[in-house]
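Right, one structure below, let's go through it.
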Amino acid sequence: MIRKIADDINEFEAVHTEISNVLLNGETAVRVVKADKLMQFDENTLVRVKDCDFHNGTIKVKMLSRLLPDAPDFARGFIGIVYRVNDNNSEFESFYIRPTNGMTDDPVRKSHGCQYFSYPGYTFSYFREFNITKYEAPIHNGLDEWVQLKAVIRDEAAEFYLNDEPEPVLTVKDMKHGKDARGSVGFFSEIGTEAFFKDLEIESED
C-alpha cells in the first residue's frame, strides 16, 4: 500500500519542534526547526505522521536544509527522517545527512556526510566514543538544494539512497530496535537547521 502524505502540517504531530507550511520556490513545503533540546544532539526532535504504523517498506521524501541565522559553528545543516517511532516518541530509528560535510574538502568531515542512529541508546556520540564508523558515509549534497531520499526498510536492515543514485549511500544490517519494531514515520531536524520537506510517500509491505 502506498500512502502519499499531503504537504500540510495538519497531517503531522510536532515533537520538540515547531512546524509550519511555507512557500519555497513557489511550492508548498513543511518547515521544521527545533523548539526544545536546542543544544543536545540526536534527541527526539521530530515531526511524525498522524495515524501511521510502519514496519517494512519504502519511504521517499524530498528535503532541503539551511542554517539558521543563530546556528552555532558546529552546525552542519542536519536533516533527515525518523521511522518506527513508538507511541510516546521514546524510541525510533533515524537517518540524516550533514550537508555542510558534503561540501567540504576536509577528508575527516567528508567521511561524516550521513548518519544512522537509533534513539535513545545508539546516538552518533555513542558511535564516535567507541570508534564505530559503519553507520556513517560520505555524501555529495550541500545546503539549500533539494535532496531526494529513499529508505528501504526490511526487518533489521535498511538501505538509504540519495537523488536516485543506483547504489545506497549507506547500508545498515543491524538496526538497534530489531526486526519487529514498528511505528510512525516522519522528519528529523537538528541543531541550527532550518529544514524543509515535501512529497513524503510511504509504501508499506506489511
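Atom set for the values below is all heavy atoms of this structure, side chains included, hydrogens, waters and symmetry mates excluded.
Two residues are said to be in side-chain contact when any heavy atoms from C-beta on lie closer than 4.5 Å; Lys34 and Thr193 fail this criterion. Between Phe78 and Gln115 the shortest side-chain heavy-atom distance does not fall below 4.5 Å. When side chains are defined from C-beta on, Tyr135 does not count as touching Phe95, because their heavy atoms never get closer than 4.5 Å. Met63 places a side-chain heavy atom less than 4.5 Å from the side chain of Ile97. Counting heavy atoms from C-beta outward, Arg128 and Thr123 have side chains that stay 4.5 Å or more apart. Proximity of Arg84 to Met175: side-chain heavy atoms (C-beta onward) are separated by under 4.5 Å at one or more points.
Clustering ILVMFWY residues whenever any of their side-chain heavy atoms sit less than 4.5 angstrom apart, transitively, puts Ile9 in the very cluster that holds Ile5. Note on Val15 and Tyr96: same hydrophobic cluster, where clusters join Ile, Leu, Val, Met, Phe, Trp and Tyr whose side-chain heavy atoms are under 4.5 Å apart, directly or indirectly. A chain of hydrophobic side-chain contacts below 4.5 Å, direct or via other Ile, Leu, Val, Met, Phe, Trp or Tyr residues, connects Val172 to Ile132. With hydrophobic clusters built from ILVMFWY side chains whose heavy atoms lie under 4.5 angstrom apart, Met39 shares a cluster with Leu46. At a threshold of 4.5 Å between side-chain heavy atoms, the hydrophobic network of Ile, Leu, Val, Met, Phe, Trp and Tyr places Val22 and Val33 in two separate groups.
The CG atom of Leu149 sits 12.5 Å away from the CG atom of Asp199 when rounded to the nearest 0.5 Å. A distance of 11.5 Å separates CD1 in Ile153 from OG in Ser204, rounded to the nearest 0.5 Å. Between Ser111 atom OG and Glu136 atom CD the span is 6.5 Å, to the nearest 0.5 Å. Atom CD in Glu194 sits 5.5 Å away from atom CG in Leu68 (nearest 0.5 Å). Atom-to-atom distance recorded for Met103:CE and Ile139:CD1 is 10.0 Å, nearest 0.5 angstrom. Residue Ile59 holds its CD1 atom at 8.0 Å from CZ of Phe160, rounded to the nearest 0.5 Å.
Counting heavy-atom neighbours within 6.0 Å of Tyr122 OH, excluding the residue itself, gives a total of 12 or less. Dense packing is recorded around NZ of Lys50, with more than 12 heavy atoms of other residues, nucleotides or ligands lying under 6.0 Å away. More than 12 heavy-atom neighbours from other residues, nucleotides or ligands sit within 6.0 angstrom of CG on Asp106.
In this structure, Tyr161 has no ring pair (Phe, Tyr, Trp, His ring centres under 6.0 Å) partners at least two apart in sequence or on a different chain. Remark: Glu91 engages Asn86, Pro120, His177 in a side chain to side chain contact (heavy atoms under 4.5 Å, CB included) (not counting sequence neighbours). In terms of the salt bridge (charged side-chain N to carboxylate O under 4.0 Å, His left out) criterion, residue partners of Lys37 (sequence neighbours excluded) are, by chain and number, Glu43. Remark: Glu93 pairs with no residue by the salt bridge (charged side-chain N to carboxylate O under 4.0 Å, His left out) rule, at least two apart or across chains. In this view, Asp206 and His55, Asn56 satisfy the side chain to side chain contact (heavy atoms under 4.5 Å, CB included) rule, not counting sequence neighbours. Residues passing the salt bridge (charged side-chain N to carboxylate O under 4.0 Å, His left out) test with Arg109, sequence neighbours excluded: none. Listed by chain and residue number, Lys134, Lys176 satisfy the salt bridge (charged side-chain N to carboxylate O under 4.0 Å, His left out) test with Asp174 (two or more places apart in sequence, or in another chain). For Tyr83, there are no ring pair (Phe, Tyr, Trp, His ring centres under 6.0 Å) partners at least two apart in sequence or on another chain. Under the rule for a side chain to side chain contact (heavy atoms under 4.5 Å, CB included), the partners of Ala6 that lie at least two apart in sequence or sit in another chain are Asp8, Glu11.
Ring geometry, Phe130 versus Tyr126: the interplanar angle falls from 30° to 60°, so the pair is classed tilted. Aromatic ring pairs are classed by plane angle as parallel below 30°, tilted from 30° to 60° and perpendicular above 60°; the pair Phe74 and Phe41 is tilted.
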Applying side-chain contact (heavy atoms from CB on, under 4.5 Å) to Tyr119 and Asp42, what does each step give before you reach the verdict? CA-CA 7 Å; Tyr119 186 83; Asp42 288 359; 5.7 Å; no
Determine whether Phe188 and Thr45 satisfy the following criterion, side-chain contact (heavy atoms from CB on, under 4.5 Å), listing intermediate values before the conclusion. CA-CA 6 Å; Phe188 181 76; Thr45 53; 3.8 Å; yes
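In this structure, Val169 and Pro138 approach most closely via the heavy-atom pair CG2-O, 3.2 Å. Nearest heavy-atom pair across Pro72 and Ile191 is CG-CG2, 3.6 Å. Taking both residues in full, the closest heavy atoms of Arg48 and Asp87 are given as NH1-O, 3.6 Å, listed atom of the first, atom of the second, then distance. Shortest non-hydrogen contact noted between Gly102 and Lys110 is O-NZ, 2.7 Å. For the pair Leu170 and Cys114, the tightest heavy-atom approach, listed with the atom from each and the gap, is CB-SG, 4.1 Å. Across every non-hydrogen atom of Ile79 and Leu64, the tightest pair is CD1-O, 3.2 Å.
Of the candidates Val185, Leu200, Val147, Leu200 is the only one forming a side chain to side chain contact (heavy atoms under 4.5 Å, CB included) with Val61. Between Cys52 and the options Arg182, Glu13, Arg3, a side chain to side chain contact (heavy atoms under 4.5 Å, CB included) holds for only Arg3.
Within the structure, the salt bridge (charged side-chain N to carboxylate O under 4.0 Å, His left out) test picks out the following pairs touching residues 144-159 (sequence neighbours left out): Arg66-Asp144, Arg154-Glu205. Residue pairs meeting the side chain to side chain donor-acceptor pair (under 3.5 Å) criterion with at least one partner in residues 18-28, sequence neighbours excluded, are Glu27-Lys198.
A cation-pi arrangement is present between Arg98 and Phe124 under the rule of less than 6.0 angstrom and at most 45 degrees off the ring axis.
Aromatic pair Phe12/Phe187: centroids less than 6.0 angstrom apart.
If you chain together ILVMFWY residues whose side-chain heavy atoms come under 4.5 Å of each other, Met1 ends up in a group of its own.
Thr17 places no side-chain N or O within 3.5 Å of a backbone atom of Val32 that could act as its donor or acceptor partner.
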